[in-house]
Amino acid sequence: MAAFSQSTIDKGSEIFHDFLCSTCEDKKRDNTAGFYCESCVKFYCGTCIGLHSELFTKHAPFGRGDMKKWPVAKKVEDFLLKCDAHTDKGLEMFCSEHSELCCTNCAFLNHRLCKKVTLISDVKGQSTDLQHLSVSIQTILKEMQKLQDNQEASIQSVQSSYDEQLRRIQETRGKINAILDTIEQKTVQEMKDTLTKLQASSKNNVDECIRLRDKLKQLRDAIQDVSDKSKLDLSFIAKRKCEKIIEQSETFLEKNLLQDTYYFLFQPNSEIVQYLSKLSCLGTHKLMVQENPNMVITVQEKSVLNVKISSDSKECRITAILVLPDRQILVVDCINMKVKLLDEQYQVVSHWSATTWPHDMCQITPSEVAVTVDDVNTHEVQLISVKNRQLVTGGKLQLPHRCRGIAFHQDDLYITTWTALYKYTPNGTLANKMYEDKSGSNTVYMCAVSPTGDKLYITNNSKYQLITLARDGSVLATFTDPALHYPCGVHVTLAGQVLVCGYTPSAILQVDSEGRRKLATLATQEDGVVYPQSVCYNRHTASIIVGLDANSILVFKVQ
């Protein structure tokens with residue numbers, strides 16, 4: 001029988017493929033065989049086959065192109081014949097009542113009362129369709145690899161979110177005095193305990209994936225070696241083993257494929273200094289379920305709602321939309337220089353008038369928003385609060401550059417300037433210029449940030465692109481599509497779903513969270529979407545709101 005090199009055995013899925021040259025092996029050399037001589041019942045490498053051919057001119061060795069004519073490898077036989085329960089025993093019998101392969105120990109311990117225990121060589125009429133099993137194993141291997149990759153990505157993701165929230169804990173901790181030492185340790189320890197439990201669970205799944213995948217690969221390789229050879233016993237054994245491990249794998253996949261992905265969310269207590277003596281913890285942390293950011297939205301019925309008010313001198317242009325936690329809605333009407341407050345029925349109940357064009361807005365606190373106000377001479381961010389269904393102006397941030405789009409995430413304020421993206425602290429301190437493109441006039445137009453803050457999305461109006469940036473400003477992806485001409489507004493839902501407006505041809509697209517491919521065209525001009533400027537998802541009513549170059553907004557019910 002053939003021998004195997006140890007290095008090949010250690011590779012797991014390839015342990016049945018490499019044969020050693022018999023002559024070289026006798027000389028303590030490990031050379032892979034390229035030929036098998038049926039007459040000699042030996043294997044030869046490329047060097048030794050020459051001498052063999054000179055000595056045995058009538059022998060006709062088979063090369064690797066004829067490996068179907070090579071014998072079943074001893075490692076294959078040993079692997080298939082070994083009892084899974086008693087590894088020092090070989091399989092000899094089959095219990096028809098329990099459909100189980102048995103060694104002598106198994107037969108005595110578990111099947112001595114069974115009436116249909118026969119020698120494997122006497123089993124008749126059993127199908128040995130190994131090719132079908134090989135296809136099944138290959139399919140499950142792919143799914144198992146996918147699950148393993150997802151679980152490993154989950155470990156990295158939750159660790160990343162944990163690290164990010166830990167940074168916030170430490171920054172919050174830095175604002176208060178030494179009395180917080182004990183409280184901080186308790187808060188961090190609770191998160192660590194949760195993280196440990198979660199990672200342990202994911203690690204167990206990964207380990208099980210590896211175990212099942214190794215077994216599947218071994219069986220796949222074994223049946224490929226056995227399938228074309230007249231080894232009925234081995235074929236039958238391989239079939240039974242394959243069916244058993246396939247059943248285990250399918251059960252494992254069914255149980256684990258739809259597992260939720262989690263991330264940490266730490267919510268600091270803004271009144272912690274004032275009420276320090278009354279508090280027992282630094283803040284609250286939640287283990288959040290990460291919703292599927294690539295779940296495709298399905299658009300259903302549509303409503304057309306008027307947002308024009310009597311003081312508007314021009315046709316509206318709704319360049320930004322924001323849904324507040326209390327279900328009230330804010331819209332920016334750029335042309336009429338207003339921010340309008342809508343109630344839950346989308347009726348305008350109040351408005352704030354700017355001195356020049358407002359463009360975009362983002363939420364800073366549950367009741368406060370920041371609005372970019374910009375023209376040739378004015379570059380500022382105006383804070384507006386919502387109190388008793390009225391809009392009240394607050395502080396103002398003067399900028400040394402143009403400002404168009406704006407987004408906020410955990411104390412980071414992102415502002416676009418038409419050609420660049422800047423990051424600021426909430427108090428107006430410039431952190432850095434994250435990204436710039438001077439190849440056009442509107443290359444960094446509007447922006448949005450993912451729920452976890454690890455991705456930023458900007459629309460390049462000049463080049464018809466949606467650009468995805470990493471937290472450090474590096475480009476992760478550039479997306480283009482025929483329906484994405486002059487892209488304007490971009491919005492990310494709390495689940496991480498990315499929505500973007502194509503101005504002309506008019507369309508609302510859903511793009512995958514990586515910013516690489518289109519998932520769906522949600523609405524077009526045929527649905528009433530004409531020159532869309534902005535888009536927003538209202539989680540309270542499960543609807544998408546679209547702002548237009550018109551006096552009306554569109555509200556689509558979605559699933």
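Since we're looking at a predicted model, the values are computed, not measured.
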Report summary line: Lys203 meets the side chain to side chain donor-acceptor pair (under 3.5 Å) criterion, sequence neighbours left out, with Asp207
Can you tell me if [X] and [Y] form a side-chain donor-acceptor pair at under 3.5 Å?
X      : Y      : answer
Ser201 : Asn204 : no
Glu152 : Gln148 : yes
Asn442 : Trp418 : yes
Asn388 : Gln390 : no
Thr504 : Ser506 : no
Tyr486 : Tyr464 : yes
Asp512 : Asn294 : no
Ser439 : Asp437 : yes

Query raised in the report: At what distance, to the nearest 0.5 angstrom, does SG of Cys536 lie from NE2 of His491?
Result: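 Between Cys536 SG and His491 NE2, I get 4.0 Å after rounding to 0.5 Å.
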Query raised in the report: To the nearest 0.5 Å, how far apart are CD in Gln248 and CG in Leu253?
Result: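 Going from the CD atom of Gln248 to the CG atom of Leu253 covers 12.0 Å.
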Requested in this report: Kindly write out the residues that satisfy side chain to side chain contact (heavy atoms under 4.5 Å, CB included) with Val530, not counting sequence neighbours, or none if the list is empty.
Outcome: Gln525
Requested in this report: For this output row, return yes or no: ring centroids of His401 and Tyr424 closer than 6.0 angstrom.
Outcome: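 Ring-ring flag for His401/Tyr424: true, centres closer than 6.0 Å.
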**Report entry** The single option from Thr459, Asn461, Asp549 passing side-chain hydrogen bond (donor to acceptor under 3.5 Å, both in side chains) against Tyr503
**Finding:** Asp549
Query raised in the report: Could Arg404 and Tyr445 be counted as a cation-pi pair, given that NZ or CZ must be under 6.0 Å from the ring centre and within 45° of the axis?
Result: yes
Query - Contact summary for Arg471 and Met434, nearest pair of heavy atoms - result: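 Closest heavy-atom pair between Arg471 and Met434: O-CE, 3.1 Å.
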Query - Leu466 and its side-chain contact (heavy atoms from CB on, under 4.5 Å) partner, picked from Thr478, Leu509, Val498, Thr480 - result: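 For Leu466, the side-chain contact (heavy atoms from CB on, under 4.5 Å) test succeeds with only one of Thr478, Leu509, Val498, Thr480, which is Val498.
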